[in-house]
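First comes the structure, then the notes that go with it.
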Amino acid sequence: MNRIQTKLAEDKKLLSIYFTAGYPNIDDTATIIENLEKNGVDMIEIGLPFSDPLADGPTIQASSTAALKNGMTTEVLFEQLKDIRKTVNIPLIIMGYFNPMFQYGVEAFCKKCQEIGIDGLIIPDLPVDVYHEEYQAIFEKYGLINVFLITPQTSDERIHYIDSISNGFIYMVSSASTTGAQSGFGTVQTEYFERIGKMNLKNPQVIGFGISNNETFTQATQYAKGAIIGSAFVKHVTNNGVNSIDTFVNSILN
Amino acid sequence: MKLKICGMKYQDNIKHVATLQPDYLGFIFYEKSARNFDSESIPDIDEAIKKTGVFVDATLEFVIDKINKHNLQAVQLHGNESPEYCSTLKSEKVEIIKVFSVKDEFNFERLKPYEAVCDFFLFDTKGKHPGGNGYTFDWNLLSDYPSTKPFFLSGGIGLEEIEDIKQFTNSKASKYCYALDVNSKFEIEPGLKNIEALKAFKKNLSEVLDYKKEHVMNYNVNEKGYYGEFGGAFIPEMLYPNVEELRQNYLKVMAEPDFIKEFDQLLKDYVGRPSPLYFAKRLSEKYNTKIYLKREDLNHTGAHKINNTIGQILMAKRLGKHRIIAETGAGQHGVATATVCALMGLECIVYMGEIDIARQAPNVARMKMLGAKVVPALSGSRTLKDATNEAIRDWINNPVDTHYIIGSAIGPHPYPDMVTRFQSVISEEIKWQLKEQTGNENPDYLVACIGGGSNAAGTYYHYLHEPEVGIIAVEAAGLGVDSGESAATSVLGKEGIIHGCKTLLMQTKDGQITEPYSISAGLDYPGVGPMHAHLAKTGRAEFMAITDDDAMNAGLELCKLEGIIPAIESSHALAIFEQRKFKPNDVVVVSLSGRGDKDLNNYIEYFKI
Ligand SMILES: Cc1ncc(COP(=O)(O)O)c(C=O)c1O
């Protein structure tokens, strides 16, 4: 079983954290991952920075631009991660836009992920039908789980389709927005969470976008298996560096 | 040429015929036909073979049900199906083949309303039954074929016709013949195909059917939004509903008579179309060839951009949107969008790179005067590419009430095709204007500058499938193609994904998108529309790169020789005459995409005027 599936089978609500690789400093990648695990985070999304992150708000855009300036590339990231499985056991997912993977070569990229011990990928601009037709076989060959997004606007029919192609979890985007856009959930969101909850999907859902603190984490995990924090964590390391990760994680979990 | 074998019925026979590797296999869903396909399912066959459903005035529900149930890739419509009917089916991502029955004569005018909503026409013999009558019509009638839409030749083709087919493929009438469609002449009984006879047919026609000798290449977008290998819709799920809504509706809306009427009327009364096709006498003398300028610079707001914004604002209204967003580089598209929003009384937000806002103050003022809100893009390199990112992010955040008017033939499908269709009025006019002036509607060459490629796509559109018309695409070389400061995407770009579209783009070897450079803000885009990537890859268009210096000089030359101050973008197209020789009798049509008012400061600085 893939580490993601094992983790999803645990009887607890999951906290997943996104960070941008190469930010604030180029060599922070392993430190951040190790600290997150040590402090009880369940799953990590390693952001491979892209020059044109369409689905991201200002915080992650800025961290991506800075990471690229720091010299982050696909090669560098793989190099930094090559021994990560000696110290880290929780699921690791690479989140990035499709073009850098496409240039690396999708198969070569997947192969490298398997060698390192990456468990899954989130590629917001790789649509589910293109994945299904052109790349699913490659991902599966290298044991990678591809995670798809759904939004409040996604039709039931499409959600069922996405569910049928997924074999890990479904990334439930909390509202129609880019990352980091909003705070707190109103009735519109909770009704959407409930609606999806009632669909009896085979894949559990993990909520992302707009989760920034204990309150929103608790609220989101009432409706889903877990929640993902991105911009709030990136902001935290912008302000505090990588040494106070424990403070951040504790503030979410307690 | 491709081969379609139609009227398949029996499971084993289907599998058997599939081993012959036809390009299409036809299944008739029509109860009155002896070949009606009534099995539960079609056996698994090679995915390269397009399963085609053949229908006669069936309900849309019936057709859509069959498409989904049998995973059909094409539908062939034999009855009196309307253009609206065709465009509704087009949103099911299938190829649409519309059948027309021909007897001793055929009124080709009938094809017109179907041009925009079908992928292929099919000409069949008129007979007692819809199809399968077993005799041919006079193929010479097709020498009057007025369209460039690829067609299937059908009706009574059998082994005895092999010599006729060979003759036909050497004649003018076959110029747009895309496929041969066979059926009843290869049967043991209705629906049961004779494998040996089919084998003999393929063997005898191997020359004609050899796909390497394909003489009709399709340069238009296919049912999945691709031009060859370029295009598609690589968008985050958050954008899927918006883009999908547009994809399902754009052809349908564009085919509505009241849409066509309003669009045409506005182009005429508001934009000032047709734009003149002007024979540039002194310029022609200088370069010893015949140069015609398509005067898009005379349009309201000073460029071709408004053809697209008029079309898209009408589209937005019909889709019930009341908030309009756009990106702009130099401000031309921003002004054209602000203009149509003022015209329609709709809210308008234009994203523009912070750096461009500083460089293009007059256009920023124009947009504001027209009532638009100009929002600076502060991310990345703060130019056009980032303005486009910001507009896309806005759309993600406003998925319900907002329409995004993209300014060039770029972005996720259906944008490149939709923008191209709105701009295609340019080549539509060139055709009749040139005929009026020279007696021949085909020039020897068409020339246009390429930023994202909208004026070029519009200039080429109705000529793409006229092999004798040469196509020249002019990119901005900036300080020189190898200088590191350039926007010559077809030379410097590699296949990749930008703004939702697979195309050629300038990027680092890690796939990070790089900043292009050109003195002309309108050509300063790191990608190129997918149609142009396809034209480059297939060699259909000749690409040239023009430096800042050469463009500026060509611009000034047009002022002196013809009394026309061109936009610097258009000056790039004009500069090719210094670099490429044409014959004295060549007719060369250049798209003069815009006027130079917006560039006065650049001209002043450059020439120290
Ligand atoms: C006058 C003019 N020509 C050409 C272009 C390039 O755009 P496209 O390649 O879409 O025609 C622009 C863009 O701003 C323009 O203003």
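Chain naming here is simple, since letters A, B, ... match the order of the sequence lines and numbering starts at 1 in each.
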Interface check, chain A: of B:Pro241, B:Gly500, B:Gly232, most non-hydrogen pairs under 4.5 Å belong to B:Pro241
* To do: Using a cut-off of under 4.5 Å on heavy-atom pairs, state which of B:Asn398, B:Ile396, B:Thr514, B:Leu505 scores highest against chain A.
  =>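 Between B:Asn398, B:Ile396, B:Thr514, B:Leu505, the count favours B:Ile396.
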Can you confirm whether more than 12 heavy atoms, excluding those of [X], are under 6.0 Å from its [atom1] atom?
X: B:Lys69; atom1: NZ; result: yes
X: B:Asp401; atom1: CG; result: yes
X: B:Lys509; atom1: NZ; result: no

Residues A:Gln153, B:Asn242; criterion side-chain contact (heavy atoms from CB on, under 4.5 Å); working and verdict
CA-CA 9 Å; A:Gln153 269 72 38; B:Asn242 307 23; 5.8 Å; no
Quick check: closest heavy atoms across [X] and [Y], and the distance to 0.1 Å?
X: A:Leu54; Y: B:Arg393; value: O-CG, 3.1 Å
X: A:Pro127; Y: B:Ala233; value: CG-O, 3.1 Å
X: A:Ala55; Y: B:Met238; value: CB-CE, 3.6 Å

For the [atom1] atom of [X] and the [atom2] atom of [Y], what is their distance to the nearest 0.5 Å?
X: B:Thr508; Y: A:Leu68; atom1: OG1; atom2: CG; value: 8.5 Å
X: A:Thr178; Y: B:Asn389; atom1: OG1; atom2: CG; value: 11.5 Å
X: B:Lys502; Y: A:Phe98; atom1: NZ; atom2: CZ; value: 6.5 Å
X: B:Ile498; Y: A:Asp125; atom1: CD1; atom2: CG; value: 11.5 Å

Check whether [X] gets within reach of chain B through its side chain, its backbone, both or neither, counting any heavy atom under 4.5 Å.
X: A:Gln61; result: side chain
X: A:Phe50; result: both
X: A:Pro58; result: neither
X: A:Asp129; result: side chain

- NZ/NE/NH1/NH2 to OD/OE distance under 4.0 Å, B:Glu237 and A:Arg158: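 So B:Glu237 pairs with A:Arg158 through a salt bridge.
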Review point. Less than 4.5 Å apart, any side-chain heavy atom of A:Glu133 and any of B:Glu47?
Key: no
Bottom line for B:Lys224: the part with an atom under 4.5 Å from chain A's heavy atoms is side chain
Interface check, chain B: of A:Val173, A:Ile150, A:Leu149, most non-hydrogen pairs under 4.5 Å belong to A:Leu149
Problem - Test item: A:Ser51 side-chain N/O and B:Ile513 main-chain N/O as donor-acceptor pair under 3.5 Å - result: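 Answer holds: yes.
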- So which of B:Gln512, B:Gln507, B:Glu495 actually passes side chain to side chain donor-acceptor pair (under 3.5 Å) with A:Asn99?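 It is B:Gln507, the one option of B:Gln512, B:Gln507, B:Glu495 that forms the side chain to side chain donor-acceptor pair (under 3.5 Å) with A:Asn99.
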Margin query: Go through it in stages, so that I can follow the logic: the residues are B:Phe234 and A:Val130, the test is side-chain contact (heavy atoms from CB on, under 4.5 Å), and I'd like the CA-CA distance, side-chain angles, deciding distance and then a yes or no.
Written below: CA-CA 8 Å; B:Phe234 292 80; A:Val130 179; 4.0 Å; yes
